[in-house]
Amino acid sequence: MGSEGQAPLGPKYVGLWDFEARTAEELSFRAGDLFHVARKEEEWWWAVHLDGAGRALAEGYVPHNYLAEKETVESEPWFFGRISRSEALHRLQAMGNEQGSFLIRISEKPGADYVLSVRDQQTVRHYKIWWRAGWLHLNEAVSFPGLSELVDHHKVQSLSHGLRLTSPCRKHEPQPLPHCDDWERPREEFTLCRKLGSGYFGEVFEGLWKDKVRVAIKVIARADLLHQHTFQSEIQAMKKLRHKHILALYAVASVGDPVYIVTELMPKGSLLELLRDSDEKALPVSELMDFAAQVAEGMCYLESQNYIHRDLAARNILVGENNICKVGDFGLARLIKACPTTRPSSGWRAATACPAPQSARPPHTS
Ligand code: ADP
Ligand code: MG
């Protein structure tokens with residue numbers, strides 16, 4: 001880290017959030033700091049940190065989702081990209097937002113290009129925005145050259161219901177795992193803190209990586225796993241799968257026994273538990289539809305990568321902040337040696353190479 005000198009040319013990028021480096025290769029920065037990006041390596045970009053005059057201060061890795069190209073709509077604090085109506089609702093209803101807090105998202109439906117979602121007391125109002133002849137419209141009467149102008153206008157002029165835009169919806173990005181070239185990590189880097197649950201594949205713990213980053217750690221007895229080289233190649237394939245609705249695999253500690261499979265931590269646990277613990281009021285049909293749509297998106301992605309899940313069930317959908325759903329445990333059925341019919345199970349009923357005969361299957365739990 002830390003070489004001063006000439007910055008590479010190219011577009012400037014702006015930091016969206018503060019970031020604290022965890023390794024010597026990473027760069028610390030504040031929201032609003034400027035960068036040139038020298039190299040894009042999947043989730044980590046090698047970037048040059050610039051001072052106000054555009055001179056290079058230092059260089060190192062930064063998480064790609066903490067940067068946006070300067071002067072693009074993506075760098076605006078109120079632009080949330082492609083999020084669903086229900087995610088917008090959850091985000092705006094979260095603590096820290098006030099009357100008039102707002103965000104702009106890309107429309108999920110035809111008939112609009114963007115949607116302006118605004119907090120109004122305990123509810124959220126949604127306004128369609130569309131392009132016509134090079135101008136943006138929020139209604140037929142007024143038009144704007146761009147989203148920033150639309151936002152500025154409605155900070156002064158009220159929308160319907162006397163609603164005026166105040167501050168952007170609070171944005172928060174989960175901390176990524178520290179940058180490292182090797183996804184096979186020594187077990188000593190992980191601390192198991194609290195047991196979250198257990199299932200057919202082993203136990204799951206909330207844990208810490210290098211005492212800093214909160215993660216979920218699945219602990220599996222080595223005797224239950226396939227040969228090391230088959231295991232490694234399957235994990236390689238799983239690690240490449242990256243999507244908003246797919247649980248991210250971060251690392252494995254597969255030397256020794258037991259083996260750790262480290263993924264992102266999902267604060268609300270499994271969808272099965274959430275469904276069982278909630279009534280119609282807490283989870284209305286619209287919310288259930290949104291869960292289904294998110295799972296379908298994740299599964300479409302897996303299919304596009306020629307990847308078969310083999311164990312899709314509500315207990316393998318994990319739920320995070322703002323009710324974001326992620327498909328988990330994909331491919332795991334292939335890593336495990338034993339045939340499920342020989343073991344007591346918590347509802348294992350995947351279409352695998354080793355299907356259970358109908359009579360031997362456990363009752364459906366999810
Ligand atoms: P099963 O799928 O049979 O329920 P798992 O071993 O996959 O068993 O998970 C056991 C439990 O651990 C889940 O039901 C869930 O409550 C919790 N869990 C699993 N993965 C995560 C995760 N990434 N984040 C938070 N909780 C998790
Ligand atoms: Mg599971």
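In listed order, ligands and their atoms are each counted from 1.
Within a 6.0 Å radius of CZ in Arg170, no more than 12 heavy atoms belonging to other residues, nucleotides or ligands are found.
Atoms of ligand 1 lying under 4.0 Å from any heavy atom of Gly202, numbered from 1 in the order shown and given with element: 6 (O). In summary, the atoms of ligand 1 found under 4.0 Å from a heavy atom of Ala216, numbered by their order in the structure, are 22 (C), 23 (N), 24 (N). Remark: ligand 1 atoms within the under-4.0 Å shell around heavy atoms of Thr263 are 23 (N). Taking every heavy atom of Lys218 and a limit of under 4.0 angstrom, the matching atoms of ligand 1 come to 5 (P), 6 (O), 7 (O). Within the listing of ligand 1, atoms 2 (O), 7 (O) sit less than 4.0 angstrom from a heavy atom of Asn316. Near Leu196, meaning under 4.0 Å from one of its heavy atoms, ligand 1 places the atoms 25 (C), 26 (N).
Take the Mg ion (ligand 2) and draw a sphere of radius 2.8 Å; the protein N/O/S atoms inside it number 2.
Between His245 and Tyr301, the distance separating the two ring centers is not shorter than 6.0 angstrom. For Trp45 and Tyr13, the distance between ring centers is under 6.0 angstrom.
Arg185 forms no cation-pi arrangement with Phe190, by the criterion of a distance under 6.0 Å to the ring centre and an angle within 45° of the ring axis. A cation-pi contact, defined as under 6.0 Å to the ring centre and within 45° of the axis, links Lys171 to Phe80.
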Run Leu165 and Asp152 through side chain to side chain contact (heavy atoms under 4.5 Å, CB included) and show every step you take.
CA-CA 8 Å; Leu165 304 182; Asp152 289 343; over 6 Å; no
Audit row: Arg125, Ser117, side chain to side chain donor-acceptor pair (under 3.5 Å) steps and yes/no
CA-CA 6 Å; Arg125 298 191 187 278; Ser117 300; over 6 Å; no
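For the pairing with Asn323, the side chain to side chain donor-acceptor pair (under 3.5 Å) check across Gln294, Glu87, Lys268 returns one residue only, Lys268.
With hydrogens and angles disregarded, a donor-acceptor distance shorter than 3.5 Å links the side chain of His309 to the backbone of Gly328.
Taking 4.0 Å as the cut-off, Ser198 counts as a neighbour of ligand 1 on heavy-atom distance. Ligand 1 lies out of reach of Glu203, whose nearest heavy atom is not under 4.0 Å from it.
Taking Tyr61 as the reference, Trp46, His179 meet the ring pair (Phe, Tyr, Trp, His ring centres under 6.0 Å) condition, with sequence neighbours excluded.
Here Glu273 has side-chain heavy atoms under 4.0 Å from ligand 1, and that is the only part of it that gets that close. Residue Asp329 touches ligand 1 through its side chain alone, judged by heavy-atom distances below 4.0 Å.
Between Arg315 and Glu273, none of the side-chain N atoms (NZ, or NE/NH1/NH2) sits under 4.0 Å from a carboxylate O, so this pair counts as no salt bridge.
Any N or O atom pair closer than 3.5 Å counts here, and Met266 shares at least one such pair with ligand 1.
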